[in-house]
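Counting starts at 1 for both ligands and their atoms, following the listed order.
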Amino acid sequence: MNKLVLVTGGTGYIGSHTAVELIESGYQVLIADNLMNSRREVLEGIREITGIRPFFEEFDLCDMQKLIACCNKYEKIDAIIHFAALKAVGESVSRPLEYYENNLGSMINLLKAMRDFGIPGLVFSSSCTVYGQPENLPVTEETPVQKAASPYGNTKQVSEEMIADFLASAEGYRAISLRYFNPVGAHASALIGEYPIGPPLNLVPIITQTLIGKRSELHVFGNDYNTPDGTGIRDYIHVVDLAKAHVAAIRRLEERKGNEPFEVFNLGTGKGLSVLEIIAAFEKVLDMKVNYRIVPRRPGDIGCIYADASKAGEILGWKALAPFEEVVLSAWKWEQQINRMTNV
Ligand code: UD1
């Protein structure tokens, strides 16, 4: 029987791409999602791409009784990939209690489910936000974690600590935390992509919305950072590359190699791109103009961060492969697809 992976938040952006890669690698996928920031139609997109519709349970992971019922129903879950979380940095500052309740409550419940149902492996969706603005670049996994700049970032740090404490208390369990840099792009089929319920807050979907005319202009937040062109630098990683890293992490958990029960990996390309470089790439690849204006910095933004992802290369055998051109093409194809879906 193929191994069964519980993917929490599996109808979301990274979760849905990971579900596809898991199915294509021969795993059975069970998605648990409360659909608060994603849509049921994503299941159909996954089926169209892979030919297989994942199992789906709609519930909130903060509800332990429902999680127990789900684990009983599917009997043997081999591993969990935990994506489900609130993730808007700004909103977490104004609604910290909801963020702690949701992101930490669900984490506690999943760790209890691992313990009570003997689920041996967990892959956790973490973020480069745990590093703050590091002194030295690129960022390795040894770069010190800094006091979180937002309640959202703090939920990622505390979740990693809770996982480590749980693993120290119990024999036989393993976990991997994947610290993502900036996920962008969509599946090449344009059958799945980032499709949040509210307006997007990240750079790439805002660029494509500007290109398609949903927004009149893009605001570039600050050109006075200590970077070559003054705009912020990030490490943008294609979401399909990111999804493949989760399959590599699940395999690593299965193999039970290495002495550490809890491993952490950075997932990025190793290359930083500025906001103006991103805009230029979209303009060149699509032969279109992005209407933009420089405005003051966005509170809470840092100037520059990019990854050293060599540990993931050495241990997981994973590397980001997609050139940025593929990010541009897939993001644009997906924006056009959203436009079609919302105009029918
Ligand atoms: C944010 C989150 C991070 C999360 C990531 C992907 C913070 C501090 N971090 O990263 O935890 O993993 O999203 O979901 O918020 N920009 C503009 N104009 C815009 C939007 C963005 O100039 O309209 C700039 C930003 O200033 C930044 C870059 O584009 O330099 C990327 O921004 P964004 O896509 O929002 O991601 P991050 O803020 O890096």
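At the top of the distance list for atom 38 (O) of ligand 1, counting protein heavy atoms only, stands R298 NH2, 2.9 Å. Atom 7 (C) of ligand 1 has as its closest protein heavy atom V89 CG2, 3.3 Å. Closest to atom 24 (C) of ligand 1 among all protein heavy atoms lies V275 CG2, 3.7 Å. Protein heavy atom in closest approach to atom 27 (C) of ligand 1: R234 NH2, 3.7 Å.
Ring planes of F55 and Y74: tilted class, angle from 30 to 60°.
Pairs passing the side chain to side chain donor-acceptor pair (under 3.5 Å) check and including a residue from residues 102-122, sequence neighbours excluded, read N103-T155.
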Would you be so kind as to tabulate the donor-acceptor pairs closer than 3.5 Å made by side chains of residues 199-218, with sequence neighbours excluded?
from : atom 1 : to   : atom 2 : distance (Å)
T208 : OG1    : V204 : O      : 3.4
T208 : OG1    : P205 : O      : 3.1
T208 : OG1    : E335 : OE1    : 2.7
Q209 : OE1    : R215 : NE     : 2.8
Q209 : OE1    : R215 : NH2    : 3.3
T210 : OG1    : I206 : O      : 2.7
K214 : NZ     : E335 : OE2    : 2.9
R215 : NH2    : P200 : O      : 3.4
E217 : OE1    : R293 : NE     : 3.4
E217 : OE2    : H219 : NE2    : 3.1
E217 : OE2    : R293 : NE     : 2.8
E217 : OE2    : R293 : NH2    : 2.8

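At least one side-chain heavy atom of L111 sits less than 4.5 Å from a side-chain heavy atom of L122. Counting only heavy atoms from C-beta outward, the side chains of V5 and L30 never approach each other to under 4.5 Å.
The distance from ligand 1 to the heavy atoms of S127 drops below 4.0 Å at these ligand atoms: 11 (O), 12 (O). For ligand 1 and D301, the ligand atoms under 4.0 Å from any heavy atom of the residue are 25 (C), 26 (O), 38 (O). Those atoms of ligand 1 with a heavy atom of H219 less than 4.0 angstrom away are 17 (C), 18 (N), 19 (C), 22 (O), 23 (O). When each atom of ligand 1 is checked for a heavy atom of G232 under 4.0 Å away, the hits are 30 (O). Of all atoms in ligand 1, listed by their number and element, those nearer than 4.0 Å to a heavy atom of Y236 are 28 (C), 29 (O), 31 (C). Annotation for ligand 1: atoms under 4.0 Å from non-hydrogen atoms of V220 are 22 (O).
The CZ atom of F59 sits 9.0 Å away from the NZ atom of K66 when rounded to the nearest 0.5 Å. Between the CD1 atom of I14 and the NE2 atom of H246 there is a distance of 6.5 Å, given to the nearest 0.5 Å. With values rounded to the nearest 0.5 angstrom, T269 atom OG1 is found 9.0 Å from K319 atom NZ.
At a heavy-atom distance under 4.0 Å, no atom of Y292 approaches ligand 1. The side chain of N182, and not its backbone, has at least one atom closer than 4.0 Å to an atom of ligand 1 (non-hydrogen atoms only; side chain from C-beta on).
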Quick one: do F181 and Y236 satisfy ring-ring contact (aromatic ring centres under 6.0 Å, His included)? Show the steps, please. CA-CA 7 Å; F181 283 67; Y236 295 89; over 10 Å; no
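Considering both main-chain and side-chain atoms, L203 comes within under 3.5 Å of ligand 1 through a nitrogen or oxygen pair.
Of the listed residues (N202, T129, L276), the one carrying the non-hydrogen atom nearest atom 5 (C) of ligand 1 is N202. Nearest to atom 16 (N) of ligand 1 by heavy atom, out of F221, Y180, F181, Y13, is F221.
Within the 4.0 Å heavy-atom cutoff, Y152 counts among the residues contacting ligand 1.
Without hydrogens or angle criteria, T231 side chain to V275 main chain gives a donor-acceptor distance under 3.5 Å.
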